[in-house]
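Structure first, then comments.
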There are 2 protein chains.
Amino acid sequence: MDDQTIPLDAETKAVEMPEHHRDELRLWLRLLTCSTLIEGEIRRRLRDRFDVTLPRFDLMAQLDKAPDGMTLSDLSKRMMVSNGNLTGLVDRLVTSGHLERRVSETDRRAQMVRLTKAGQDEFRSMAAEHEGWIADLFGDLTQKEQKDLMRLLAKTKNSARRAMMGGSQ
Amino acid sequence: MDDQTIPLDAETKAVEMPEHHRDELRLWLRLLTCSTLIEGEIRRRLRDRFDVTLPRFDLMAQLDKAPDGMTLSDLSKRMMVSNGNLTGLVDRLVTSGHLERRVSETDRRAQMVRLTKAGQDEFRSMAAEHEGWIADLFGDLTQKEQKDLMRLLAKTKNSARRAMMGGSQ
DNA sequence: AAAAATTACTTTAAGCTTAAAATAAATTCG
DNA sequence: CGAATTTATTTTAAGCTTAAAGTAATTTTT
């Protein structure tokens, strides 16, 4: 409510900001650290164990959920990456035999992309192991803590989306 | 041949996994979505508003906390990025006049890097605004929710670190 | 002190990523 | 219908990122 006097952390030596938004900043840095840490570990294991990159794995994960294939635009939205990024990613996965691309029959601009049989097999065997890694990485959280974290992240996501409205999106 | 033994639900996805680690997977995906979403927005605003990239901003943020400078290795550890990555990043920031690098007087392998006056001024003006963006992005969370999230993320971080021990780190 | 190991950093090659501009097909509108 | 707009994708240029290999300085070991 009313602004309390701000307790100056002993180790913090920066200038006092007009409003004390330090807490949100610390929260953001912790969230980022968490996801960077885990993402890095997953990336490392995917490379060491399967010689695959995370972006490729993610792309295959999306396609595994859509047996009939998806367009590049759909993929782009789901993966939250740019269209141009996807072009190269798909190119490489087609070359390696994991993906198949075909011009859509209803729209000659669009392409349907989907996993080949080999791609699907390989993905599923990776996914099974991947799921175990994640379970282990989050293993110290109780069922309740997982549930709470899930809820708080959902709320954070909504808050962020709300804040983005009007600005540019 | 024998690979049709599994009854495939028409619209639902894949095979039932040996152990149900779906929840952890969903939790991880939500965490990742959250940080990707926010990171993307910050990246966009830094570019639009200040014509600076997030990695450069992050690097300057580290140096702002160390007025006497840091070595590349210190930066590398703190930022959780590779040494090689830092070399290029620092190069560009030196060229643009934001950073100063000097060979350490006590160790001729090492370099001390620090913000120039101009770099510091520019960073601080960006940081003030940046802090407001973060506060807004997390704005829908109550004080208690922020505290809870902070705690759960700390626990997640520790859990992940524990899981990494032995594997490669 | 010489050899071995470690540490700090750079270089390289490959891939990821984006924004912006370009191309082409489809849709909307006058 | 034909022009203008939107949508789907590719290309380009620049920068980020990593792992692995290389160089050089320091520290440890023998």
Side-chain angles (χ1 to χ4, degrees), chain A residues 35-37 39-60 69-96 98-99 101-113 168-169, chain B residues 35-37 39-60 69-96 98-99 101-113 168-169:
Chain A
S35 83
T36 302
L37 192 68
E39 189 178 324
E41 181 67 11
I42 296 298
R43 206 180 280 276
R44 208 168 300 128
R45 294 189 189 188
L46 284 174
R47 177 176 42 76
D48 292 350
R49 184 85 179 75
F50 302 117
D51 195 32
V52 75
T53 64
L54 185 54
R56 288 182 198 193
F57 181 83
D58 286 344
L59 175 38
M60 288 192 271
M70 298 173 76
T71 65
L72 291 192
S73 289
D74 289 340
L75 278 170
S76 164
K77 272 166 216 140
R78 295 229 193 195
M79 296 176 67
M80 300 197 285
V81 301
S82 68
N83 258 330
N85 189 353
L86 231 58
T87 297
L89 217 39
V90 167
D91 282 350
R92 287 183 287 268
L93 280 167
V94 166
T95 301
S96 65
H98 294 85
L99 261 55
R101 74 199 310 178
R102 258 181 313 166
V103 172
S104 161
E105 287 168 7
T106 59
D107 185 341
R108 265 180 298 173
R109 290 168 306 178
Q111 313 203 15
M112 294 301 284
V113 187
S168 58
Q169 193 8 247
Chain B
S35 83
T36 302
L37 192 67
E39 188 178 325
E41 181 67 10
I42 296 298
R43 206 180 281 276
R44 208 169 298 127
R45 293 189 190 187
L46 284 174
R47 178 177 42 77
D48 293 349
R49 186 81 179 78
F50 301 115
D51 195 32
V52 75
T53 64
L54 184 53
R56 288 180 200 195
F57 180 83
D58 286 344
L59 176 37
M60 288 192 272
M70 298 173 75
T71 65
L72 291 192
S73 288
D74 289 340
L75 279 169
S76 165
K77 272 167 215 139
R78 294 228 193 196
M79 297 175 66
M80 299 199 285
V81 302
S82 68
N83 258 331
N85 189 352
L86 230 58
T87 296
L89 216 39
V90 167
D91 282 350
R92 287 183 287 270
L93 280 167
V94 168
T95 301
S96 65
H98 295 85
L99 262 55
R101 75 199 311 177
R102 257 181 312 167
V103 171
S104 160
E105 287 167 7
T106 59
D107 184 341
R108 265 180 297 174
R109 292 167 306 180
Q111 313 204 14
M112 295 299 286
V113 187
S168 57
Q169 188 17 238

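First the proteins, then the strands, lettered A, B, ... as listed; each starts at 1.
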Side-chain donor-acceptor contacts of residues 72-83 of chain B below 3.5 Å, not counting sequence neighbours, with atom names and distances?
unit_1, atom_1, unit_2, atom_2, d
D74(B), OD2, T71(B), OG1, 3.2
S76(B), OG, V81(B), O, 2.9
S82(B), OG, N85(B), N, 3.2

The residue among V90(B), L99(B), L89(B) that forms side-chain contact (heavy atoms from CB on, under 4.5 Å) with R56(B) is L89(B)
Might you point out which heavy atoms bring V52(A) and F57(A) nearest each other, and give the distance in Å? CG2-N, 4.5 Å
Does a side-chain N or O of S73(B) approach OP1 or OP2 of dC9(C) to a distance below 4.0 Å, or not? yes
How would you label the contact of R47(A) with the nucleic acid (heavy atoms, under 4.0 Å): base, sugar-phosphate, or nothing? sugar-phosphate
Whole-Å distance separating the CE atom of M70(B) from the C1' atom of dC9(C): 15 Å
What is the separation between atom CG on D107(A) and atom P on dA26(C), rounded to the nearest whole Å? 5 Å
Separation between CZ of R101(B) and CE of M112(B), rounded to the nearest 0.5 Å: 13.0 Å
Listed in order of residue number, which residues of residues 74-83 of chain A have a non-hydrogen atom at under 4.0 Å from DNA chain D? N83(A)
Rounded distance (nearest 0.5 Å) linking atom CZ of R44(B) with atom CZ of R47(B): 7.5 Å
Partners of R102(B) by salt bridge (charged side-chain N to carboxylate O under 4.0 Å, His left out), sequence neighbours excluded? none
Between CG of L59(B) and CZ of R92(B), what distance do you get to the nearest 0.5 Å? 10.5 Å
So do R49(A) and L46(A) actually touch side chain to side chain, heavy atoms under 4.5 Å? no
Between which nucleotides of DNA chain D, 5' to 3', does chain A make heavy-atom contacts below 4.0 Å? dT7(D) to dA19(D)
Identify whether any heavy atom of S104(B) sits under 4.0 Å from a base atom; if not, whether one sits that close to sugar-phosphate; answer base, sugar-phosphate or nothing. nothing
What are the two closest heavy atoms between P55(A) and R43(A), and how far apart are they? CD-NH1, 4.1 Å
Touch class at under 4.0 angstrom, heavy-atom based, for T53(A) against every strand present: sugar-phosphate
Within residues 84-94 of chain A, the residues having a heavy atom closer than 4.0 Å to DNA chain C are G84(A), N85(A), L89(A), R92(A)
To the nearest 0.5 Å, what is the distance between CG on L86(A) and CD on Q111(A)? 10.5 Å
Five pairs at each end of the helix from dA1(C)-dT30(D) to dG30(C)-dC1(D): take the axis at both ends and give me the angle between them to 10°. 20°
Should R108(A) be listed as having a side-chain N or O under 4.0 Å from OP1 or OP2 of dA24(C)? no
